[in-house]
Number of protein chains: 2
Amino acid sequence: MDKAKKQRLEKRGWKVGGVDEFLALTPDESAYIELKLALSKSIRQRRQHKNLTQMQMARLLKSSQSRVAKIEAGDASVSLDLLVRSLIILGATRREVAHVVAGQAR
Amino acid sequence: MDKAKKQRLEKRGWKVGGVDEFLALTPDESAYIELKLALSKSIRQRRQHKNLTQMQMARLLKSSQSRVAKIEAGDASVSLDLLVRSLIILGATRREVAHVVAGQAR
DNA sequence: GCACCATATATCAAAAATGACATATTGTCA
DNA sequence: TGACAATATGTCATTTTTGATATATGGTGC
């Protein structure tokens, strides 16, 4: 992982580096975070494609605009649960969610 | 949803039926729960295939045997986060996780 | 029967995630 | 410029999820 990427992650609240401060994420941690970021990106795309504001999407999700903003910003405080529920609420089928999870998705 | 299935879900702690007691889950809720159950099932398979006890898997996950049991029992108190992290820790790639998410998986 | 091990279930204090809210920033149109 | 809508960021009390622990249940070999 390069330095710029590390800083981008830390900006979003991710703790990058485990026991040893210099060491990066384990492959498992890394896969997990990248999965979340992929979902996050896909959510913004879907929302915009449906011409919804964050406010409108928040109502569908029974959440708040600020949380939707955090979802789309890839904030570390957002759970996989909320990410996946967001996609589903935006109309994604399990198949489509899977496509995003697989990673070659767009 | 038939009655037996409803009871099985409620046993696991799922709140089945929303505003109206007779009404079942919305399609979104249903998709979300079925996704979790699919992951749960896949986790048990993977763990057994690797000949790990729940205890051993708990150590990999930095969790406890009881939580692993709940993961595999499809308990409602288990998050999607933990389910996906479990699969990853058992060696699943994002592609493989996606296959489970897609639903025609095995 | 009784050890032994794996798994299941219950409970709970601590940690993480949540929605709500306030406020700041950004973009756009006149 | 200024008004406005959308989005971003920060904080926080409440809710949910967590690992840990204890204990119960189930299976297997003796």
Side-chain angles (χ1 to χ4, degrees), chain A residues 7-16 18 28-29 32-33 35-37 39-90, chain B residues 7-16 18 28-29 32-33 35-37 39-90:
Chain A
Q7 287 181 339
R8 253 179 291 129
L9 287 174
E10 285 173 345
K11 170 89 182 300
R12 287 156 154 170
W14 298 101
K15 272 179 250 151
V16 173
D28 286 354
E29 291 167 335
Y32 177 67
I33 292 179
L35 172 54
K36 281 180 145 197
L37 294 181
L39 290 166
S40 154
K41 200 175 278 191
S42 162
I43 287 164
R44 166 159 283 165
Q45 285 178 343
R46 272 193 173 257
R47 177 182 63 81
Q48 290 179 334
H49 192 265
K50 298 189 94 184
N51 277 2
L52 295 175
T53 66
Q54 291 184 346
M55 209 35 159
Q56 293 172 316
M57 172 172 156
R59 273 191 281 268
L60 294 177
L61 248 191
K62 298 176 205 301
S63 181
S64 58
Q65 178 269 327
S66 64
R67 191 127 293 269
V68 173
K70 280 167 224 236
I71 287 170
E72 296 185 353
D75 192 283
S77 85
V78 175
S79 71
L80 244 184
D81 294 69
L82 191 56
L83 291 168
V84 170
R85 285 201 291 115
S86 297
L87 266 184
I88 291 177
I89 270 189
L90 289 173
Chain B
Q7 288 181 339
R8 254 179 290 127
L9 287 176
E10 284 173 346
K11 170 89 183 300
R12 287 156 154 169
W14 299 101
K15 272 179 250 155
V16 173
D28 285 355
E29 290 168 338
Y32 177 67
I33 292 180
L35 172 54
K36 280 181 145 194
L37 294 180
L39 289 165
S40 155
K41 199 175 277 190
S42 163
I43 287 164
R44 168 161 282 165
Q45 284 178 345
R46 272 197 174 255
R47 176 183 64 80
Q48 289 178 336
H49 192 265
K50 296 189 96 182
N51 277 3
L52 295 176
T53 65
Q54 291 185 344
M55 209 36 158
Q56 293 171 315
M57 173 173 155
R59 272 190 282 270
L60 294 177
L61 248 191
K62 298 178 207 299
S63 180
S64 59
Q65 178 268 325
S66 65
R67 190 127 292 269
V68 172
K70 279 168 220 234
I71 287 170
E72 296 184 354
D75 191 283
S77 85
V78 176
S79 69
L80 244 184
D81 294 69
L82 191 56
L83 290 167
V84 170
R85 284 200 292 115
S86 297
L87 267 183
I88 292 176
I89 269 188
L90 289 173

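Chain A is the first sequence line, chain B the second, and so forth, proteins listed ahead of strands; every chain is numbered from 1.
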Side chain to side chain donor-acceptor pair (under 3.5 Å) against A:S64, all qualifying residues, sequence neighbours excluded: A:S66
Test side chain to side chain contact (heavy atoms under 4.5 Å, CB included) applied to B:S42 - qualifying residues, sequence neighbours left out: B:L87, B:V100
Sugar-phosphate only, base, or nothing, as touched by B:V78 at under 4.0 Å among non-hydrogen atoms: sugar-phosphate
Below 4.0 Å: OP1/OP2 of C:dT18 and any side-chain N or O of A:S77: no
Relative orientation of the end axes in the helix from C:dG1-D:dC30 to C:dA30-D:dT1, expressed as an angle to the nearest 10° (five pairs per end): 40°
Selection: residues 50-66 of chain A, any non-hydrogen atom under 4.0 Å of DNA chain D: A:T53, A:Q54, A:Q65, A:S66
Test salt bridge (charged side-chain N to carboxylate O under 4.0 Å, His left out) applied to A:R67 - qualifying residues, sequence neighbours left out: none
Set of side chain to side chain contact (heavy atoms under 4.5 Å, CB included) partners for A:L60, sequence neighbours left out: A:L52, A:I89
Listed partners of B:Q65 passing side chain to side chain donor-acceptor pair (under 3.5 Å), at least two apart: B:Q54
Partner residues of B:R85 under the salt bridge (charged side-chain N to carboxylate O under 4.0 Å, His left out) criterion, sequence neighbours left out: none
Nucleotide D:dA8, atom C1' - distance to CD of A:E72 in whole Å: 11 Å
For atom CG of B:D75 and atom P of C:dA10, their distance in whole Å: 9 Å
Interatomic distance, A:L80 CG vs D:dT16 C1' [rounded to whole Å]: 16 Å
Heavy-atom donor-acceptor pair, B:K36 side chain to B:L83 backbone, under 3.5 Å: no
Side-chain N or O of A:R47 closer than 4.0 Å to phosphate OP1/OP2 of D:dA6: no
For A:A73, side chain to side chain contact (heavy atoms under 4.5 Å, CB included) partners two or more places apart: none
Side chain B:K70 and base C:dA10 donor-acceptor under 3.5 Å: yes
Residue whose nearest DNA chain C nucleotide is more 5′ - B:V68 or B:D81: B:V68
N/O donor-acceptor pair under 3.5 Å between B:S86 side chain and B:L82 backbone: yes
N or O in side chain of A:R67 less than 4.0 angstrom from D:dG10 OP1/OP2: no
Nucleotide nearest B:S79 (side chain, heavy atoms from C-beta), chosen from C:dA17, D:dA8, D:dT17: D:dT17
Interatomic distance, B:L83 CG vs D:dT18 C1' [rounded to whole Å]: 13 Å
Between C:dA6 (P) and B:R44 (CZ): distance, integer Å: 14 Å
